[in-house]
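What follows is one structure encoded as structure tokens, with my remarks underneath.
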Amino acid sequence: MTATIIDGKAFAATVRGKVAEHVARLKADHGITPGLAVVLVGEDPASQVYVRSKGKMTVEVGMNSYEHKLPAETSEADLLALIEQLNTDPAVHGILVQLPLPGHLNEDLVINSIDPAKDVDGFHISNVGLLATGQKAMVPCTPLGCLMMLRHHHGSLSGLEAVVIGRSNIVGKPMAQLLLRDSCTVTIAHSRTKNIEEVVKRADIVVAAVGRPEMVTGDWIKPGATVIDVGINRVEGRNGLLGDCHFDSCVEVAGAITPVPGGVGPMTIACLLANTLTACSRANGLAEPEGLTA
Ligand code: NAP
């Protein structure tokens, strides 16, 4: 069997197209333009590239993009003051502080100073709690993108056995919460999991968010399972990016699989835009965009 390739690039373009349609309607019907503020502290090259492409795509869907680039030595007090200003700015519906922050800044403190209603990354402790208790939350973008692709591929996820490999706060844990909410039977595997191959082999859905290139091989995969590869790994001596799954062996066994690149990656920014639209709709007491939230 050769798996269906889930084309994240095309899916993300569709999501951005839907966001753009909603934005156009918000402007025409209500005179509202959603605004996303991105705060970058320091000069990390990967973060700079990421922030630039976020800004470009924000404008492309018709939203306002506000970029705040601060020097690496910015004090915590100055950063918190900027966030407070963005929290109270009615033109800003989403705030994203690019991580990682320079070492002298307390990431938890900074993230938790964002108004939860504008926390489009979904990392604020209130949003984590809301998601865990099944309430309306801002949902982290990468797991939201994975969920959208899974729902699109499977329709209902109810009763499916899902294994999430990785327990980070930004991917593994929220992914598990979302799958649980869609009534999967969920296992979270991590670096201490015993017989991990056997655990993964039970799964109808495997989400790999590990950061270890090509760790999951085809012999770990149940025939016909759906494999979502979140990993983005650069390996010296190998061209391009590698996922956490060994694509060539997994594709022979799986029913469907996301490639790297071109799978989960493009969905993350698309979901950031979807979250900004959701935040803007909620802030204005309007109906949430259908199919663009969890
Ligand atoms: P992270 O915070 O480093 O977490 C990695 C997780 O993998 C940890 O829970 C760790 O377990 C687990 N792990 C490590 N080695 C393992 C092993 N041998 N067997 C089983 N589990 C193991 O990473 P992350 O931020 O979640 O990111 C994971 C990957 O996704 C990275 O490649 C990252 O670049 C990528 N990513 C992609 C996107 C995107 O937009 N596509 C977004 C975010 C992240 P312990 O907790 O036991 O240490």
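Nothing fancy with the numbering, it's 1 onward along the sequence. Note that these values count all heavy atoms, side chains included, but never hydrogens, waters or copies made by symmetry. Order of appearance sets the numbers: ligands from 1, and atoms from 1 within every ligand.
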Nearest-option assignment for atom 4 (O) of ligand 1, heavy atoms, candidates Cys271, Ser168, Gly166
Ser168
Taken to the nearest 0.5 Å, the spacing of Asp119 CG from Asn127 CG works out to 4.5 Å
Set out, in order, the CA-CA distance, both residues' side-chain angles and the distance that settles salt bridge (charged side-chain N to carboxylate O under 4.0 Å, His left out) for Glu60 and Lys56, then state yes or no.
CA-CA 6 Å; Glu60 276 171 9; Lys56 186 169 163 272; 3.4 Å; yes
Closest non-hydrogen protein atom to atom 15 (N) of ligand 1, residue and atom name please, with distance?
Arg212 CD, 3.3 Å
Can you figure out which of Val171, Ile269, Thr268, Ile228 has its heavy atom closest to atom 44 (C) of ligand 1?
Val171
Atom pair NE2/CD1 of His154 and Ile205 - distance to nearest 0.5 Å
4.5 Å
With atoms numbered from 1 as shown, which atoms in ligand 1 lie under 4.0 angstrom from a non-hydrogen atom of Asn233?
32 (O)
For ligand 1, which atoms sit closer than 4.0 Å to a heavy atom of Val264?
41 (N)
What is the closest protein heavy atom to atom 31 (C) of ligand 1, and at what distance does it sit?
Gly211 CA, 3.6 Å
Any Met215 heavy atom less than 4.0 Å from ligand 1
yes
Are any non-hydrogen side-chain atoms of Pro140 and Asp121 less than 4.5 angstrom apart?
no
So is Arg167 polar-close to ligand 1, meaning N/O to N/O under 3.5 Å?
yes
Using a strict cut-off of 4.0 Å, indicate which atoms of ligand 1 neighbour a heavy atom of Gly265.
41 (N)
Closest to atom 30 (O) of ligand 1 among protein heavy atoms sits Val230 O, 3.4 Å
Could you state the interatomic distance from CD1 (Ile111) to CG (Leu101), rounded to the nearest 0.5 Å?
6.5 Å
Closer than 4.0 Å to some heavy atom of Ile170 - which atoms of ligand 1 meet that?
25 (O)
Checking side chain to side chain donor-acceptor pair (under 3.5 Å) between Gln98 and each of Lys54, Lys69, His68, Gln48, which is the one that passes?
Lys54
What residue and heavy atom of the protein are closest to atom 42 (C) of ligand 1, and at what distance?
Thr142 OG1, 3.3 Å
State the NE2-CE distance between His124 and Met138, to the nearest 0.5 angstrom.
12.5 Å
Note: heavy atom closest to atom 47 (O) of ligand 1, options Ser191, Gly231, Pro266, Gly172, belongs to Ser191
Please work out which of Val164, Val210, Leu241 has its closest non-hydrogen atom nearest to atom 22 (C) of ligand 1.
Val210
Run Arg52 and Glu67 through salt bridge (charged side-chain N to carboxylate O under 4.0 Å, His left out) and show every step you take.
CA-CA 9 Å; Arg52 212 173 305 132; Glu67 279 181 24; over 6 Å; no
For Gln85, is there any backbone N or O sitting under 3.5 Å from a side-chain donor or acceptor partner on Asp89?
no
For Ala209, state whether at least one heavy atom is located under 4.0 Å from any atom of ligand 1.
yes
Ile232 N/O under 3.5 Å from ligand 1 N/O
yes
Kindly indicate, with the supporting measurements, whether the criterion salt bridge (charged side-chain N to carboxylate O under 4.0 Å, His left out) is fulfilled by Glu214 and Arg238.
CA-CA 12 Å; Glu214 300 184 326; Arg238 298 278 298 267; 3.2 Å; yes
